[in-house]
J.: 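Before I ask anything, here is the structure I am working with.
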Amino acid sequence: MEFAVHRNGESVGTVIVTEQGSQVYFEVTCSLLTTAVLRCYGLRAPAPPLLIGIPEPQQNKLYFRKKLSKQSIGGILPTVYVLLDASQEIPTTIVPIAEEPPSACAFHTGDALLDRLLLDSSLQVRQQDTHLHISCPFDTQKPLPLSPVAVLCQLEQIENQWYVFLEIEQQNLTP
């Protein structure tokens, strides 16, 4: 699985996560070069943040590869990855926000987190009566796009596929 690595809300690289038996391998590559010592954390709900490692300069980029046992990470893989320096607090949850997000979705809730989620192309968004219905397929092998609001979501089965969905009342939507 491949995920973006963020620094100050901006995507600066990738992490490739590979599970092999009882081990998990993290390979982090970032285009960012700095003199600051940065730590790569994986954020996962409901577990606490996981220190993945400290990338080192290699060939004009920051890079490292690390192996951790599934037992040592409590079996919960991170879905969001961030680079932080020593002066920054470790967040418990984060939704990276691009400086200029594309305006691909016709619906806006007024909530920054929900509006950012609505831009995710893997989500299916439709208006249903007086509600906005946001859904995505549920796959235990892939990160859940709705994970920042998972506590508000429900599961539904359509044919043989499970979906995670969130409904928002129309009165909370703005054009």
Side-chain angles (χ1 to χ4, degrees), residues 1-98 113 116-117 119-124 134-166:
M1 295 180 283
E2 186 171 321
F3 301 91
V5 176
H6 294 86
R7 170 125 173 95
N8 298 326
E10 182 179 324
S11 179
V12 294
T14 60
V15 58
I16 296 173
V17 181
T18 308
E19 295 182 68
Q20 292 181 352
S22 63
Q23 303 297 313
V24 180
Y25 293 87
F26 298 89
E27 186 173 9
V28 176
T29 306
C30 298
S31 58
L32 176 72
L33 283 178
T34 179
T35 57
V37 176
L38 301 176
R39 292 159 183 82
C40 182
Y41 288 91
L43 306 179
R44 56 218 174 119
L50 176 68
L51 175 62
I52 305 295
I54 300 173
E56 299 175 359
Q58 283 188 5
Q59 302 174 349
N60 294 326
K61 59 186 171 188
L62 295 176
Y63 176 85
F64 78 94
R65 181 176 165 94
K66 186 167 187 176
K67 172 178 73 170
L68 295 172
S69 71
K70 287 183 182 177
Q71 183 179 6
S72 71
I73 63 174
I76 301 174
L77 289 174
T79 55
V80 175
Y81 294 84
V82 294
L83 288 178
L84 302 173
D85 61 42
S87 68
Q88 294 176 294
E89 279 189 44
I90 303 166
T92 54
T93 59
I94 187 169
V95 175
I97 298 174
L113 173 63
R116 179 68 183 155
L117 289 174
L119 298 174
D120 189 320
S121 62
S122 68
L123 295 177
Q124 299 158 4
I134 305 165
S135 64
C136 64
F138 179 68
D139 185 343
T140 58
Q141 302 301 312
K142 295 181 181 176
L144 179 63
L146 289 170
S147 63
V149 292
V151 69
L152 303 173
C153 294
Q154 298 177 33
L155 282 173
E156 67 181 342
Q157 187 175 14
I158 300 173
E159 295 176 8
N160 291 328
Q161 174 69 49
W162 283 95
Y163 288 85
V164 176
F165 74 94
L166 172 68

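This chain uses plain numbering: 1 for the first residue, then up along the sequence. Predicted, not measured: the structure shown is a model, and the values here were computed from it.
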J.: Just how far is it from atom CH2 of W162 to atom CG of D139, taken to the nearest 0.5 Å?
T.: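 Here the rounded value is 14.5 Å.
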J.: Is the shortest side-chain heavy-atom distance between F3 and P78 below 4.5 Å?
T.: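 No, side chains not in contact.
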J.: Set out, in order, the CA-CA distance, both residues' side-chain angles and the distance that settles side chain to side chain contact (heavy atoms under 4.5 Å, CB included) for L77 and M1, then state yes or no.
T.: CA-CA 11 Å; L77 289 174; M1 295 180 283; 3.9 Å; yes
J.: Answer whether the closest heavy-atom distance between the side chains of V28 and V5 falls below 4.5 Å.
T.: yes
J.: Ignoring hydrogens, what is the shortest heavy-atom contact between F165 and S135? Give both atom names and the distance.
T.: CB-CB, 3.8 Å
J.: Which atom names give the shortest non-hydrogen contact between R39 and D85, and what distance separates them?
T.: NH1-C, 4.3 Å
J.: Above 12 or not: heavy atoms from other molecules or residues under 6.0 Å from CD of Q71?
T.: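 For Q71, atom CD is not crowded (no more than 12 foreign heavy atoms under 6.0 Å).
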J.: Starting at SG of C153, measure out to OH of Y163 and round the result to the nearest 0.5 Å.
T.: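 Interatomic distance, C153 SG to Y163 OH, rounded to 0.5 Å: 15.0 Å.
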J.: In Å, rounded to the nearest 0.5 Å, how long is the span from OH of Y41 to CD1 of I52?
T.: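 Those atoms lie 10.5 Å apart.
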J.: So, the side chain of T79 versus the backbone of R44: is there a donor-acceptor pair under 3.5 Å, distance only?
T.: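 Here the side-chain-to-backbone pair does not exist.
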J.: Which pair of heavy atoms, one from S69 and one from S72, lies closest together, and at what distance?
T.: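 Between these two residues, the closest heavy atoms are O-OG, 2.8 Å.
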J.: Say you draw a straight line from CD1 of I16 to OG1 of T29; how long is it, rounded to the nearest 0.5 Å?
T.: 6.5 Å
J.: Which pairs, with at least one residue in residues 50-66 and sequence neighbours excluded, count as a side-chain hydrogen bond (donor to acceptor under 3.5 Å, both in side chains)?
T.: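 For residues 50-66, and leaving out neighbouring residues, the side-chain hydrogen bond (donor to acceptor under 3.5 Å, both in side chains) pairs sorted by first residue read E27-Y63.
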J.: Can you tell me which residue among T34, L62, L38 is in a side-chain contact (heavy atoms from CB on, under 4.5 Å) with R7?
T.: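 One option only clears the test, and that one is L38.
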J.: Restricting to non-hydrogen atoms, name the atom on P55 and the atom on C40 that form the minimum distance, rounded to 0.1 Å.
T.: CD-N, 4.4 Å
J.: Look up atom CD1 in I76 and atom CG in L50, then write down how far apart they are to the nearest 0.5 Å.
T.: 10.5 Å
J.: Please report the closest heavy-atom contact between F138 and V164, naming both atoms and the distance.
T.: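 The answer is CD1-CG2, 3.6 Å.
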J.: Would you give the length of the straight line joining atom NE2 of H6 to atom CG of L83, rounded to the nearest 0.5 angstrom?
T.: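 Rounded to the nearest 0.5 Å, the NE2-CG separation comes out at 10.5 Å.
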